[in-house]
Amino acid sequence: MHNFLGKVKKSPWVVGQTLTKKPRKPQSAISDLFIWRYNKSWNTYFELLDLTGLFGEKGQHQADIIFFNNNGEQFHQKSIELNGLCRQILNISKLLSELKKLPSNYGTFCIFHKEIPNSVLKFQSFIAERGYISYQYKNAPLRSYVHGNLDAIDDSLTLLGGSSFFNRHYNLQYLLLPDKNYEVALINASSTNKEIKFKVVEFDNNFQIKEVITLKPKQVFVFPIQNLSNPSRLIIESKMIMARPVVFCLGDDKMDVFHG
Amino acid sequence: MSYFPILKAPYCTGETTLYNFSPNNWESVYKGTQVINLSYTDGFFWHSMVLGELAYGDYQVFKYQDVKELIPSNSLPLLSLTQNKLDKISRELPELVSNQTNVPQHRSTLGLTSPYTTTSYQGELNPFPLKSSLLTFSPFLQFSDKVENFVLLLNLEKQADSRKVKVEIFDANTKTLKCEKTALSNNITVISLDDCGFLQHDLPLVICREMTAIPLYFSCVNEGEFLSLEHTHPPASLVVHGARFGAQKYLKDYWFSQLKKNA
């Protein structure tokens, strides 16, 4: 009975509101929308694995990489020959530096593997690039890695992120400290504009910072948090089902990156 | 339902932050003070004790030094936040009556702190089945001057014993065995990857046929001046929708059979 009531109570939050939509075509490839950052303080790298090769399929495989600016507008696309089962580190900053003019100093990119393994089709699944990105901050001798966490887009550039009927809170379970600065990056992986409220609150619920923005589909926003007077936490309110951010924690010449 | 370990790694001490608030506003959770427990195994039994209470809406940071005197050296400290009190001694890992959410999961901050900096990820640890295996492709090695690279294998099982298992590390392309190590169940095993002879373009493949674990990749420069920490995805995460665990089984069967003759 208790279980039944729990399900009824939860139903307005789950019925007709999938976390990740299915692509229409069974042979589609899926990708995260990864955040690139490139300026004098930031360089971005990506570990490109031959996913089709990992499934035991022989031959030369390819992937397409598509870049978007911070407003979600596509500005560059490139096909890449994969190195089979060898490691292949894409220097995203170098790739972008070869363009005549960059539209912004951060944005997103996605990677679609072009050959779909037969075994993946057999399992009625979709191959998904949700791999490993690394950032170099202020020419540090070590890059910081974070994995993809969003099955955001398919190879027809249809966004797959679900939308909620009601506003949801994403309460980041992370302690924001006064002696650090933070940059919280959030992407709208849904197909409609979303109003987002960022709230930084102290543990006695005092507000420190509040910002309201509207994110267009594929748009990424970097929300800065600095000069906190007390330990705090972040609440992201929106109609996105999973408003999971990537958090950059900055202190002097050091940087740590993680996802929510 | 999850435990939250305190990690360890070279040049660093572990630090875990517990939160008694839900990661969302729509999955039903208990909104009251919860008990903070510390659990560990001595290799025969699970031992648990109460460290304190955490009010709803609050957080607490635990450093390894805070629990060091309470557990045997080299055992994995496991924190939990529960509505029930755990048995002081048990043969099986205590069941937790605690808040559980799915979108996203209830997490803590699992950090490593050196004298210079901190790195962390948002994580939790649930017991793995006894009969399980590990397959992870790990493109995280960094090759600059004074960089050291490690894989930290984090395992938890219901049984209290401490099994020693073989970990094989291959080059994915040539399928040659680069090195063999051992790992312990119910522990975090630190394995150096620098003595395996990997070059910049090699893709390391770490397997364990007898146990699974969360594979955390940890790199540092100058004995902790700079740190990086991240885990790889399980093989099921290479696909979305459909029979994802069928795809994972396919990948494991394929790679374990490919690597059998070289082991």
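Per chain, numbering begins at 1; letters A, B, ... match sequence-line order. For the numbers below, each heavy atom of this structure counts, side chains included, while hydrogens, waters and symmetry mates do not.
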Pairwise side-chain contact, [X] with [Y], heavy-atom cut-off 4.5 Å (strictly under):
{"X": "A/L49", "Y": "B/L203", "value": "yes"}
{"X": "B/Y59", "Y": "A/P231", "value": "yes"}
{"X": "A/F55", "Y": "B/V239", "value": "yes"}
{"X": "A/V14", "Y": "B/W26", "value": "yes"}
{"X": "A/L142", "Y": "B/Q142", "value": "yes"}
{"X": "B/L141", "Y": "A/R87", "value": "yes"}
{"X": "B/V103", "Y": "A/I241", "value": "yes"}
{"X": "A/Y174", "Y": "B/S120", "value": "yes"}

Need one label for [X]: side chain, backbone, both or neither, based on atoms under 4.5 Å from any heavy atom in chain A.
{"X": "B/V147", "answer": "side chain"}
{"X": "B/E27", "answer": "side chain"}
{"X": "B/L199", "answer": "neither"}
{"X": "B/Q60", "answer": "neither"}

Legend entry - cation_pi(B/R244, A/F123) dist<6.0 Å, angle<=45: no
[X] [atom1] to [Y] [atom2] distance, which is reported to the nearest 0.5 Å:
{"X": "A/Q136", "Y": "B/F226", "atom1": "CD", "atom2": "CZ", "answer": "10.0 Å"}
{"X": "B/Y254", "Y": "A/L54", "atom1": "OH", "atom2": "CG", "answer": "9.0 Å"}
{"X": "A/L175", "Y": "B/L18", "atom1": "CG", "atom2": "CG", "answer": "11.5 Å"}
{"X": "B/T109", "Y": "A/L172", "atom1": "OG1", "atom2": "CG", "answer": "7.5 Å"}
{"X": "B/L238", "Y": "A/F126", "atom1": "CG", "atom2": "CZ", "answer": "15.5 Å"}
{"X": "A/I89", "Y": "B/F143", "atom1": "CD1", "atom2": "CZ", "answer": "8.0 Å"}

Main chain of [Y], side chain of [X]: is a donor-acceptor contact present, judged purely on distance under 3.5 Å?
{"X": "B/N24", "Y": "A/H169", "value": "no"}
{"X": "B/N25", "Y": "A/R168", "value": "no"}
{"X": "A/Q173", "Y": "B/Q122", "value": "no"}
{"X": "B/H241", "Y": "A/K21", "value": "yes"}

Inset, instruction - Just do the ring-ring contact (aromatic ring centres under 6.0 Å, His included) check on B/F140 and A/Y132 with the steps written out, would you? - result: CA-CA 8 Å; B/F140 288 143; A/Y132 311 112; 4.8 Å; yes
Inset, instruction - Specify which of B/P23, B/S219, B/G242 makes the most heavy-atom pairs with chain A at under 4.5 Å. - result: B/P23
Inset, instruction - Find the one option among B/T17, B/D171, B/D202, B/D145 whose heavy-atom pairs under 4.5 Å with chain A are most numerous. - result: B/D202
Contact part of [X] toward chain B, heavy-atom cut-off under 4.5 Å: side chain, backbone, both or neither?
{"X": "A/R233", "result": "side chain"}
{"X": "A/I127", "result": "both"}
{"X": "A/K22", "result": "both"}
{"X": "A/N167", "result": "backbone"}
{"X": "A/P12", "result": "neither"}

Inset, instruction - In sequence, state the C-alpha distance, the side-chain angles, and the governing distance for A/R130 and B/S237, and then conclude on side-chain hydrogen bond (donor to acceptor under 3.5 Å, both in side chains). - result: CA-CA 8 Å; A/R130 50 203 330 243; B/S237 294; 3.2 Å; yes
Residue pair [X] / [Y]: nearest heavy atoms and the distance that separates them:
{"X": "B/E230", "Y": "A/V146", "value": "OE2-CA, 3.1 Å"}
{"X": "A/Y170", "Y": "B/P104", "value": "CE1-CG, 3.6 Å"}
{"X": "B/S228", "Y": "A/S144", "value": "OG-CA, 3.5 Å"}
{"X": "B/S144", "Y": "A/P141", "value": "OG-O, 3.7 Å"}

Inset, instruction - Compute the ring centroids of A/F258 and B/Y121, then answer whether they are less than 6.0 Å apart. - result: no
Inset, instruction - Mark yes when over 12 heavy atoms from residues, nucleotides or ligands other than A/D252 sit less than 6.0 Å from its CG; otherwise mark no. - result: no
Inset, instruction - Check the pair A/L85 / B/K175 against side chain to side chain contact (heavy atoms under 4.5 Å, CB included), numbers first and verdict last. - result: CA-CA 10 Å; A/L85 297 171; B/K175 299 181 180 64; 4.0 Å; yes
